[in-house]
Amino acid sequence: MIGLISATAAGAAARDRLAAAWPDRTRVYEGPVGGAVRAAFAECEQLVCFLATGAVVRLVAPLLADKASDPGVVCVDEGGRFAVSLVGGHGGGANELAVEVGELLGAEPVVTTATDAVGLAGLDTLGLPVEGDVAGVTRALLDGEPIALDAEVPWPLPPLPFAAHGTHTVRLTDRADLAAGGEVLLRPPSLVVGVGASRGVPADEVLELVEAALRDAGLSPRSVAALATMDAKRDEPGIVEAAARLGVPVLTYPAEELAEIEVPNPSGAPLAAVGTPSVAEAAALARGGELLVPKRKSARADGHASMATCAVVRRPARGRLAVVGLGPGARDLLTPRARAELRRASVLVGLDQYVDQIRDLLRPGTRILASGLGAEEERARTAVAEARRGQAVALIGSGDAGVYAMASPALAEASDDIDVIGVPGVTAALAAGAILGAPLGHDHVSISLSDLHTPWEVIERRVRAAAEADLVVTFYNPRSRGRDWQLPKALAILAEHREPTTPVGVVRNASRPDESSRVTTLAALDPATVDMMTVVTVGNTATREIAGRMVTPRGYRWQEGTR
Ligand code: SAH
């Protein structure tokens, strides 16, 4: 429970917003603040005091006992500008609470403890399985002691302040070793296990074989990234279930492709039966790597007719390219997944204004490669090149990075030797739609009016098609200083098929501090009021303005009527 304490009217107003947002998590303490703080301190896990830090320091000082058990205390100032984590930053969760309260009230979280001040999140948040002395190494990291990185396997990691020699070690390894004292093991997904099997093989037989192969070779099952086999075995229940129990996907390849792969232990029997001299070894080696365990066969003592084979390969390190949409602007429209990917990256590539938008979320040590407008192709090439070098790269774009943005130029450059992770973002059309009302309630399209990359004839043809098909249209890149006639022309084409009174929504800087929006009509829209920070959404023939909002009916009734 979070105890809420306030003294003034402004404090009480902010307190009530918190209480309304978290009805089940909060309890309001009324009355003189001294007694209220004492009661809340005794009864709650956390306190939010809408009081000066000085006042709160004096009130809680006599109550403090132990940082492991004391509640976390957050102070919010009279102006609601700051949410200060005062005591219990880690144990009491005040740091996280300050961030949450800050997000809710629009206040800046103020956090002064070491870990968070330098942005080092826990070793268990790096995106890899972790074993060993996590608490000890984290403490050493916080205390600024040198930590050495021992990377037996090269793997794209987030930035951490590693030293050449350390009192503690982070070891990146797929070996089944136990962690030594003062050591943490990170498990990269570096192993691929190729499997072959006769039809009807039991999952237990496959699992036992795989586990024995890993055990005998001293390899950790937690580093297994996938089982690999041939296409024809894609649905073999024993393989599918074994993979599920290991928590990994099944990768499959066509027999012809496997037949081409050179393996140490080919055999005539499968060649005749399935069209390749090797399944387990070839599938494990299909994407390259080093064969650590050559083909082994299951040996069942019970004379069962089934049979499985397996082989283990350490695959080459794969760089990681995350293509991350940041949303339209507001921090709370950035998805948690996008935030995690930004913290996962050791290299960030993006347009300088977008980098500024999220700079505070990056881990310290993240290499930032920012460039100006117009350098799209160069940014795409840089991001892919860094990933190929084995880095964890985040390539960012506003809204959704796949919508008129970096994803397509980047993926046009990328080969299959890197992992690509797409993180969707709230695109401008959706952000604007939510502000305008419900303009996208039925079929709709987006059209960019920028003729820098697309000939105007093509754009015009698409506008015409949208006009004829009665689609709601959202124009991106509607108008800039050098491109001022395209929007009037596009609106004129729509006006050939829609009434002058058709609602048009204009949203500038959706979700940014200087957001503005209005609903007007096709006839009344003055294109000179539109710029590059704006999207323009034109309704279809069914769109109405209702109570100042733009609403496009879903059209079920229309469909029924015409059936
Ligand atoms: N990837 C972006 C679009 C990039 S194209 C996305 O998914 O939103 C750039 C155009 O997007 C701008 O010219 C403008 O038309 C529109 N746009 C982007 N963000 C916007 C915002 N916050 N408010 C209004 N329009 C925006």
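Here the structure is a predicted model, which means the values were calculated and not measured. In each ligand, atom 1 is the first atom listed, and ligand 1 is the first ligand listed.
Closest to atom 19 (N) of ligand 1 among all protein heavy atoms lies R512 NH2, 3.3 Å. The single protein non-hydrogen atom nearest to atom 13 (O) of ligand 1 is M532 O, 2.6 Å, given as residue, atom name and distance. Nearest protein heavy-atom contact of atom 11 (O) of ligand 1 is Y476 CD2, 3.4 Å. With hydrogens left out, the protein atom closest to atom 9 (C) of ligand 1 is N477 OD1, 3.3 Å, a heavy atom. Distance from atom 3 (C) of ligand 1 to its nearest protein heavy atom, with residue and atom name: V403 O, 3.6 Å. Shortest contact from atom 2 (C) of ligand 1 to any protein heavy atom: S398 O, 3.3 Å.
V507 places none of its side-chain heavy atoms less than 4.5 Å from the side chain of T534. Looking at E78 and F50, their side chains never come closer than 4.5 Å, going by heavy atoms from C-beta outward. Side-chain atoms of S450 and Y404, non-hydrogen and from C-beta on, never get closer than 4.5 Å to each other. Taking the side chain as every heavy atom from C-beta outward, V504 and T521 never approach each other to under 4.5 Å. Within the 4.5 Å cutoff, side-chain heavy atoms of R344 are placed close to those of R320.
Under a 4.0 angstrom heavy-atom cut-off, S511 registers as lying outside contact with ligand 1.
Taking distance alone, with nitrogen or oxygen atoms compared against 3.5 Å, A428 approaches ligand 1 more closely than that limit. By the 3.5 Å distance cut-off applied to N or O atoms, A510 is counted among the residues near ligand 1. Among the atoms of P328, some N or O lies under 3.5 angstrom from an N or O of ligand 1.
Between R315 and D417 there is no salt bridge, since no side-chain N of the basic residue sits under 4.0 Å from a carboxylate O of the acidic one. Using a cutoff of 4.0 Å between basic side-chain nitrogens and carboxylate oxygens, E376 and R379 are scored as salt-bridged. A salt bridge is defined here as a Lys NZ or Arg NE, NH1 or NH2 lying under 4.0 Å from an Asp or Glu carboxylate O, and R25 with E100 meets this definition. For the pair R464 and E460, the salt-bridge criterion is met [side-chain N within less than 4.0 Å of a carboxylate O]. Salt bridge status for R498 with E468: absent, with no side-chain N to carboxylate O gap under 4.0 Å.
Near N509, with a cut-off below 4.0 Å to any heavy atom, the atoms of ligand 1 are 22 (N), 23 (N), 24 (C). If you number the atoms of ligand 1 from 1 as listed, the ones under 4.0 Å from a heavy atom of P478 come out as 15 (O). Each of the following atoms of ligand 1 lies closer than 4.0 Å to a heavy atom of M533: 23 (N), 24 (C), 25 (N). Here is the list of ligand 1 atoms found below 4.0 Å of a heavy atom in G399: 6 (C), 7 (O), 8 (O). For ligand 1, the atoms closer than 4.0 angstrom to any heavy atom of V507 are 24 (C). Interface atoms of ligand 1 facing T427, defined by a heavy-atom separation under 4.0 Å, are 6 (C), 7 (O), 8 (O). Within ligand 1, the atoms closer than 4.0 Å to a non-hydrogen atom of Y404 are 4 (C), 5 (S), numbered from 1 in the order shown. Ligand 1 places these atoms under 4.0 Å from at least one heavy atom of A405: 1 (N).
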Show every donor-acceptor pair shorter than 3.5 Å between a side-chain atom in residues 418-431 and any protein atom, with sequence neighbours excluded, or say none if there are none.
| residue | atom | partner | partner atom | Å |
| --- | --- | --- | --- | --- |
| D419 | OD1 | R318 | NE | 2.7 |
| D419 | OD1 | R318 | NH2 | 3.0 |
| T427 | OG1 | Y476 | OH | 2.6 |

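Nearest-heavy-atom check against atom 15 (O) of ligand 1 across T474, T534, L326 picks out T534. For atom 16 (C) of ligand 1, the candidate residues are V535, L333, V426, V536; the nearest heavy-atom contact is made by V535.
Atom CD of E103 is surrounded by more than 12 heavy atoms from other residues, nucleotides or ligands within 6.0 Å.
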